[in-house]
Amino acid sequence: MAKSKNKYFVVWDGVKPGIYHSWEECKQQVHGYIDAKYKGFTSLEEAQIAFNSSCWDYIGKNAKEQIKKANALLFNEFEKPILDSLSVDAACSGNPGLMEYRGVYTKTGEEVFRQGPFKHGTNNIGEFLALVHGIALLKQKNLQMPLYTDSKTAIAWLKKKKAKTNLEQSDENAMLFELIARAEKWLAENEYSTEVIKWNTEVWGEIPADFGRK
């Protein structure tokens with residue numbers, strides 16, 4: 001693949017909006033940031049004009065689709081998943097339904113942990129539990145590697161340290177709610193250094209921990 005001509009990167013929506021002079025600097029502002037809006041330019045003058053304009057002037061009318069294409073292009077040119085990492089995912093038959101979750105080593109797909117199936121659960125709950133399980137496991141084993149999830153909801157719940165589920169508790173899913181309480185308690189009482197990254201399904205395909213039931 002030919003080397004990209006883009007030398008400057010405008011971040012309209014990211015950790016810290018601005019103009020960055022390398023992809024590595026830009027990546028720190030957008031990697032894992034939900035709905036990040038950014039684009040590469042060949043000159044500083046172009047980038048300055050773009051930054052002081054609406055991002056939609058550069059992304060186009062079909063905003064959502066254009067963002068996906070622009071992000072996919074940048075990731076294709078500059079970014080690949082970190083293989084020395086842990087990937088987590090969940091699967092649920094029905095909503096609610098029979099749910100299970102697992103974590104795998106991204107490079108090989110080797111299963112590291114698996115829990116369930118649990119009755120009367122949801123996919124979002126499974127994604128959240130998988131994320132916390134993975135973070136706690138990495139901390140316990142003192143492993144410094146990033147963790148991938150393809151769930152925006154799980155990332156949002158993680159940040160809030162609370163599973164904001166609308167699922168009603170019942171006798172069937174009592175164990176599941178006990179696990180949720182344990183996960184929330186762990187987050188409230190523990191600090192962690194694990195970098196949680198949103199898996200880029202648009203570019204990389206399904207996350208390695210996917211159950212393959214779609």
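Below, each value reflects all heavy atoms present in this structure, side chains not excepted, and no hydrogens, waters or symmetry copies.
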Just verifying a value: how many Å separate Asp171 CG and His120 NE2, rounded to the nearest 0.5 Å?
11.0 Å

For the residue pair Tyr101 and Phe118, categorise the inter-ring angle as parallel (less than 30°), tilted (30 to 60°) or perpendicular (more than 60°).
parallel

Using a 4.5 Å cut-off on heavy atoms from C-beta on, say whether the side chain of Phe113 contacts that of Leu137.
yes

Whether Trp12 side chain and Ala50 backbone form a donor-acceptor pair below 3.5 Å:
yes

Shortest non-hydrogen contact between Leu98 and Pro117, atoms and distance:
CG-CB, 3.6 Å

Tell me if a side-chain donor or acceptor on Thr106 pairs with a main-chain N or O of Ser85 at a distance below 3.5 Å.
yes

Is the side chain of Asp210 donor-acceptor paired with the backbone N or O of Glu206 at a distance under 3.5 Å, no angle test?
no

Between Leu44 and Ile19, is any pair of side-chain heavy atoms under 4.5 Å apart?
yes

Any side-chain to backbone donor/acceptor pair from Asp13 onto Val30? Under 3.5 Å, distance only.
no

Between CD1 on residue Ile82 and NZ on residue Lys107, distance to nearest 0.5 Å
13.0 Å

With rounding to the nearest 0.5 angstrom, report the OH to CZ distance, Tyr8 to Phe41.
13.0 Å

Cation-pi check, Arg102 to Phe211: give yes when NZ or CZ is under 6.0 Å from the six-membered ring centre and within 45° of the ring axis, no otherwise.
yes

Minimum-distance pair of heavy atoms, taken over all atoms of Ala163 and Ile180
CB-CG2, 3.8 Å

Looking at CH2 of Trp199 and CD1 of Ile155, how far apart are the two atoms once the value is rounded to the nearest 0.5 Å?
13.0 Å

Assess whether atom NZ of Lys198 is packed by more than 12 heavy atoms of other residues, nucleotides or ligands within 6.0 Å.
yes

Among Leu138, Ile135, Val132, find the residue that satisfies the side-chain contact (heavy atoms from CB on, under 4.5 Å) test when tested with Tyr192.
Ile135

Are Lys161 and Glu184 close enough for a salt bridge, meaning some N to O gap below 4.0 Å?
no

Could you check whether any side-chain N or O of Asn173 sits under 3.5 Å from a backbone N or O of Gln169, counting only pairs where one atom can act as donor and the other as acceptor?
no

Results of side-chain hydrogen bond (donor to acceptor under 3.5 Å, both in side chains) for Asp84 - residues two or more places apart only
Tyr105

For Glu25, what residues pass the side chain to side chain contact (heavy atoms under 4.5 Å, CB included) criterion, not counting sequence neighbours?
Tyr20, His21, Ser22

Are Lys139 and Asn190 side-chain neighbours, meaning at least one heavy-atom pair lies under 4.5 Å?
yes

Return yes when atom CD of Glu45 has more than 12 non-hydrogen atoms of other residues, nucleotides or ligands closer than 6.0 Å, and no otherwise.
no

Where is the tightest heavy-atom contact between Met99 and Leu176, given as atom of each residue plus distance?
CE-CD1, 3.5 Å

What's the separation between atom CH2 in Trp157 and atom CD1 in Ile125, rounded to the nearest 0.5 Å?
5.5 Å

With a 4.5 Å cut-off on side-chain heavy atoms, are Glu195 and Leu147 touching?
no

Taking atom CD1 of Ile207 and atom CD of Glu127, what is their separation to the nearest 0.5 Å?
7.5 Å

The single option from Pro146, Pro208, Pro81 that satisfies side-chain contact (heavy atoms from CB on, under 4.5 Å) with Ser87 is Pro208

More than 12 non-hydrogen atoms from neighbouring residues, nucleotides or ligands closer than 6.0 Å to NZ on Lys119, yes or no?
no

Do the side chains of Phe9 and Tyr38 get nearer than 4.5 Å, heavy atoms only?
no

Which heavy-atom pair separates Ala90 from Gly126 by the least distance, and what is that distance?
CB-C, 3.5 Å

Does the side chain of Phe177 reach to within under 4.5 Å of the side chain of Arg182, using non-hydrogen atoms?
no

If every non-hydrogen atom of Leu86 is compared with every non-hydrogen atom of Gly134, which pair is closest and at what distance?
CD2-CA, 3.8 Å

